Amino acid sequence: MSLRFETAERVNPAQPQDPVFNEAIATHSDVVRLIFAADRNMRAAVNHDRLNVSTNAAFCDGARESLGPIQTVFDADGPISLRKISGPSASEDHRVWIYVNSKRDEASRSATEADQHTKYDLAQSTRDICVTINALTMVLTGFTSQEVRIKAAVLRDAVTR
């Protein structure tokens with residue numbers, strides 16, 4: 001699967017822009033939506049091949065440090081999840097997006113924590129982020145996108161808008 005980064009948008013939690021917004025951000029109030037154009041309908045592939053979707057997002061210049069787990073990838077029809085198969089996609093729009101926290105006040109306490117992440121503030125950061133989206137079966141068949149680099153200046157601009 002080929003992905004191309006389109007845009008980063010700061011999300012105002014007081015004005016939900018997504019029917020599944022609350023699921024996406026849980027208890028976090030300062031969130032950025034990263035939107036990607038995909039070369040095919042990811043929901044259709046997940047439904048057809050019964051794939052599990054995951055995302056990796058990390059600072060990719062210098063030491064690779066995770067932004068933390070990203071549980072859900074979204075498209076125009078909502079979350080893309082094997083557990084939430086809702087038939088074929090109603091949209092011809094192949095864009096997908098993820099949500100990342102714009103700030104983490106503290107890093108994981110240990111390397112074995114399930115929510116492993118580094119401390120960061122995208123409004124101040126000079127580090128690029130790299131994202132890959134995986135859609136795989138339990139025996140690792142399926143697909144992984146190429147790594148997409150998002151420039152720090154784009155992220156800073158989205159957070160401070």
Side-chain angles (χ1 to χ4, degrees), residues 1-12 17-21 23-26 28 30-82 84 89 91-104 107-108 114-138 140-161:
M1 166 156 296
S2 176
L3 287 179
R4 179 180 46 81
F5 174 70
E6 283 196 348
T7 191
E9 305 169 336
R10 183 176 178 275
V11 177
N12 180 348
Q17 302 171 6
D18 238 285
V20 286
F21 182 78
E23 180 181 345
I25 66 163
H28 306 290
D30 208 4
V31 177
V32 176
R33 178 180 13 214
L34 304 177
I35 302 174
F36 304 90
D39 67 347
R40 68 185 94 150
N41 185 316
M42 187 178 300
R43 178 179 299 277
V46 166
N47 289 348
H48 182 269
D49 297 331
R50 304 197 48 78
L51 304 172
N52 296 298
V53 181
S54 65
T55 303
N56 299 315
F59 291 106
C60 53
D61 47 347
R64 280 192 95 76
E65 296 176 307
S66 175
L67 274 69
I70 298 171
Q71 303 300 330
T72 310
V73 177
F74 296 84
D75 68 7
D77 295 317
I80 301 173
S81 170
L82 187 57
K84 297 180 181 178
S89 176
S91 174
E92 292 299 316
D93 184 354
H94 292 180
R95 290 181 304 162
V96 295
W97 55 89
I98 61 173
Y99 294 94
V100 297
N101 296 317
S102 64
K103 184 176 185 177
R104 290 273 194 160
S108 303
D115 181 17
Q116 192 172 355
H117 61 272
T118 189
K119 178 179 176 177
Y120 65 86
D121 182 351
L122 296 180
Q124 306 297 320
S125 180
T126 59
R127 301 178 69 193
D128 295 349
I129 291 176
C130 288
V131 175
T132 56
I133 296 177
N134 310 296
L136 304 167
T137 65
M138 295 302 282
L140 303 181
T141 60
F143 61 85
T144 296
S145 73
Q146 88 282 10
E147 187 171 81
V148 178
R149 182 179 288 257
I150 304 168
K151 296 290 187 186
V154 171
L155 296 164
R156 272 194 317 274
D157 183 50
V159 172
T160 58
R161 256 187 251 155

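Note that the structure is a prediction, hence the values are computed from the model and not measured.
The distance from atom OG of Ser2 to atom CD of Gln146, rounded to the nearest 0.5 Å, is 4.5 Å. For the atom pair CZ of Phe143 and CE of Met1, the computed distance is 4.0 Å after rounding to the nearest 0.5 Å. In this structure, CG on Leu3 lies 12.5 Å from NE2 on His94, to the nearest 0.5 angstrom. Atoms CG and CG, on Asn52 and Asn134 in that order, are 10.5 Å from each other to the nearest 0.5 Å. Note that CG of Leu122 and NZ of Lys103 are 11.0 Å apart. Values are rounded to the nearest 0.5 Å. The distance from the OG1 atom of Thr126 to the CZ atom of Phe59 is 9.0 Å, given to the nearest 0.5 Å.
Residues Glu9 and Ala158 approach most closely at N-CB, 4.2 Å, considering heavy atoms. Annotation for Thr132 and Glu147: closest pair CG2-CA, 3.5 Å, computed over non-hydrogen atoms.
Between Thr72 and Tyr99 the shortest side-chain heavy-atom distance does not fall below 4.5 Å. Using a 4.5 Å cut-off on side-chain heavy atoms (C-beta onward), Cys60 and Arg149 make contact. Between Asp75 and Met42, every side-chain heavy-atom pair lies at or beyond the 4.5 Å cut-off.
The side-chain contact (heavy atoms from CB on, under 4.5 Å) check on Thr160 picks up Ala123, with sequence neighbours excluded. For Arg127, the salt bridge (charged side-chain N to carboxylate O under 4.0 Å, His left out) criterion is met by Asp61, Glu65, not counting sequence neighbours. Partners of Thr137 by side-chain contact (heavy atoms from CB on, under 4.5 Å), not counting sequence neighbours, listed by chain and number: Leu51, Val139, Thr141. Taking the side chain to side chain donor-acceptor pair (under 3.5 Å) definition, one finds that Arg4 meets it with nothing, sequence neighbours left out. With sequence neighbours left out, the salt bridge (charged side-chain N to carboxylate O under 4.0 Å, His left out) criterion links Arg40 to no other residue. Remark: Asp39 engages no residue in a salt bridge (charged side-chain N to carboxylate O under 4.0 Å, His left out) (not counting sequence neighbours).
With respect to Ile150, the side-chain contact (heavy atoms from CB on, under 4.5 Å) criterion is satisfied by exactly one of Leu34, Asp128, Val32: Leu34.
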